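Inspection log for the structure reproduced underneath, given as C-alpha cells.
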Amino acid sequence: MTRLTRHFSVNEKVYSYLLEKRAETAILKSSTISNARILDIALNFSKPIKPKRVLIVLVGLILGVIVGLAYAFLREFFNNTIKNTEEIEKYSSIPIYGVIPFNKNKKTLSVFSEAFRSIRTNLQFLPQNESSRIISVTSTVSGEGKTTIVAKLGEIISQTNKKVIVLDLDLRKASVHKEFDLPNNIGMSNYLTGQNSLNEVIKKTSNDFVDVITTGPLPPNPSELILNENMKNILDELKKSYDYILI
C-alpha cells in the first residue's frame, strides 16, 4: 500500500506540474499580438522581369555596330600603308612588274613561284639594252625579303638558260651566302679594296646558270667602298659574261 501510494503521489505531482505549464503557455500565446499584417498578396510572374534580355541584346547589337564602324573608319583614316597595287599606280609613275605574296607554307609555294615567273615574263618585255640586265633589289630595313627575292628571282631566270650573277652589297649584314649555302670568306669587300681579282670572288652554286659574289668580310666603311671606282669596273666586266646582274 505504501509503495503504490508513493508512485501515485509522484505521478500526481508531475501531472499537476504539466497542467500548470500548459495553462501558462496558453496565456502567453493569447497575450502575444503580432505587429505584421498583409497589405497585398504577392504577384506570381511566370518569367523574370529583370534583366530584360531582348533589350540588352538589341542595345548590344546597336552599340557593337556603331563602335565597329567608328573603329573601322578611324583605322582607315589613320592608315598610311600601301594596301594594293592601284595605290602605287595612283601616286607613282613607276611601273609594276609583279607582286610577290608572302610564302607561309607549302600550300602557298606554287603561288609564290608563279609570281616570280610572271615577273620574269614581264622583264623579257623590257628594252634589250645593257641597263635592263642590272636589277637592284632593296628595301627600307632588314627582314623585308631582299635575300629571298634575289635568290628566287635568280633561280627562276636561270630556268630559261640565262646566266645570272647575284651581288650581295649588304655590306652591313650579309645574308645571301646563307641562302645559297656558300662560304663568305672572300667577296665584294675584298675586290673593292683590291685584295682579290674578280675571278677569285665569284662563287659557283649548285645551279650551273647562277653565280654569286658574297660580301666577304664586313668592312667599317661600306658606303665608301660601294662608291669606289672598282664598283663601276666590276659591273662593266660582269655585263660581258652574264645576262642578268642581280644586286
Side-chain angles (χ1 to χ4, degrees), residues 75 78-105 108-126 130-159 162 164-182 184 187-189 191-192 201 203 205 207 210-228 230-232 234-235 238-239 242-247:
R75 284 196 61 178
F78 290 106
N79 185 11
N80 59 356
T81 59
I82 298 171
K83 296 180 285 296
N84 48 52
T85 56
E86 286 75 12
E87 292 190 4
I88 301 177
E89 294 171 342
K90 179 180 178 181
Y91 295 105
S92 173
S93 59
I94 299 175
I96 297 176
Y97 292 98
V99 178
I100 306 299
F102 184 68
N103 187 21
K104 297 179 180 179
N105 47 47
T108 59
L109 183 60
S110 59
V111 181
F112 182 72
S113 301
E114 190 60 34
F116 281 99
R117 292 188 182 94
S118 175
I119 292 178
R120 179 188 65 190
T121 303
N122 292 332
L123 290 176
Q124 292 175 353
F125 288 101
L126 290 174
E130 291 185 349
S131 61
S132 66
R133 296 190 299 179
I134 301 178
I135 300 174
S136 176
V137 179
T138 185
S139 68
T140 54
V141 294
S142 62
E144 290 186 333
K146 295 186 294 293
T147 303
T148 304
I149 288 177
V150 163
K152 191 65 178 178
L153 189 60
E155 176 189 343
I156 292 295
I157 293 176
S158 68
Q159 291 176 1
K162 300 288 186 181
V164 180
I165 186 165
V166 178
L167 276 63
D168 189 358
L169 290 185
D170 193 352
L171 299 182
R172 289 188 176 89
K173 189 178 180 181
S175 58
V176 171
H177 65 282
K178 299 177 183 177
E179 195 74 24
F180 290 95
D181 195 20
L182 295 171
N184 193 27
M188 286 296 298
S189 59
Y191 176 81
L192 295 177
V201 297
K203 295 182 174 67
T205 66
N207 189 333
V210 180
D211 294 337
V212 177
I213 300 180
T214 61
T215 60
L218 299 182
N221 56 340
S223 300
E224 287 75 11
L225 279 182
I226 295 176
L227 294 174
N228 194 321
N230 288 334
M231 187 66 209
K232 182 177 181 300
I234 192 174
L235 293 177
L238 293 175
K239 287 177 184 178
Y242 297 90
D243 298 302
Y244 286 90
I245 302 171
L246 305 183
I247 302 177

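Keep in mind it's a predicted model, so treat the numbers as computed, not measured.
Between Ile94 and Ile88 the shortest side-chain heavy-atom distance does not fall below 4.5 Å. The closest side-chain heavy-atom distance from Pro101 to Glu114 is not below 4.5 Å. Inter-residue side-chain proximity for Leu235 and Leu167 is flagged as met; some heavy-atom pair is nearer than 4.5 Å. Looking at Ile234 and Met188, their side chains come closer than 4.5 Å, going by heavy atoms from C-beta outward. Using a 4.5 Å cut-off on side-chain heavy atoms (C-beta onward), Val210 and Glu155 make no contact. Looking at Lys203 and His177, their side chains never come closer than 4.5 Å, going by heavy atoms from C-beta outward. In this structure the side chain of Ile165 reaches within 4.5 angstrom of the side chain of Ile213, judged on heavy atoms.
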Could you go through the side-chain contact (heavy atoms from CB on, under 4.5 Å) check for Ile245 and Lys239 one step at a time?
-> CA-CA 8 Å; Ile245 302 171; Lys239 287 177 184 178; 3.9 Å; yes

Evaluation steps, side-chain contact (heavy atoms from CB on, under 4.5 Å), between Ser158 and Arg120 | CA-CA 10 Å; Ser158 68; Arg120 179 188 65 190; over 6 Å; no

Going through the distances and angles, do Lys178 and Thr147 end up as a side-chain contact (heavy atoms from CB on, under 4.5 Å)?
-> CA-CA 9 Å; Lys178 299 177 183 177; Thr147 303; over 6 Å; no

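The minimum heavy-atom distance between Ala115 and Val99, with the atom names listed, is CB-O, 3.4 Å. Looking at every heavy atom in both residues, Tyr191 comes nearest to Asn230 through CE2-O, 3.6 Å. Nearest heavy atom pair, residue Gly187 against residue Val201, reads O-CG1, 3.3 Å. Of all heavy-atom pairs spanning Leu171 and Pro222, the tightest one is CB-CB, 3.4 Å.
Asp168 places no side-chain N or O within donor-acceptor distance of the main-chain N or O of Thr214, the cut-off being under 3.5 Å. Within the 3.5 Å criterion, the main-chain N or O of Lys162 finds no donor-acceptor partner in the side chain of Asp243.
To the nearest 0.5 Å, atoms CD1 (Ile149) and CD1 (Ile156) are separated by 12.5 Å.
Partners of Ile119 under the side chain to side chain contact (heavy atoms under 4.5 Å, CB included) rule, at least two apart in sequence or in another chain, are Ile100, Leu123, Leu153. Remark: Glu179 engages no residue in a salt bridge (Lys or Arg N to Asp or Glu O under 4.0 Å) (not counting sequence neighbours). With sequence neighbours excluded, the residues that form a side chain to side chain contact (heavy atoms under 4.5 Å, CB included) with Ser113 are Leu109, Arg117, Lys152. In terms of the side chain to side chain donor-acceptor pair (under 3.5 Å) criterion, Asn84 has no residue partners (sequence neighbours excluded). Legend: residues meeting side chain to side chain contact (heavy atoms under 4.5 Å, CB included) with Pro220, ordered by chain and number and at least two apart, are absent.
Enclosure of atom NZ in Lys146 by more than 12 non-hydrogen atoms of other residues, nucleotides or ligands within 6.0 angstrom is indicated.
The side-chain hydrogen bond (donor to acceptor under 3.5 Å, both in side chains) contacts involving residues 87-101 comprise Lys83-Glu87, where partners must be two or more places apart or lie in separate chains.
Side-chain contact of Asn184 with Thr215: a donor-acceptor pair under 3.5 Å is present, judged by distance alone.
Applying the side chain to side chain contact (heavy atoms under 4.5 Å, CB included) test between Val150 and each of Leu246, Val212, Ile135 identifies Leu246 as the sole match.
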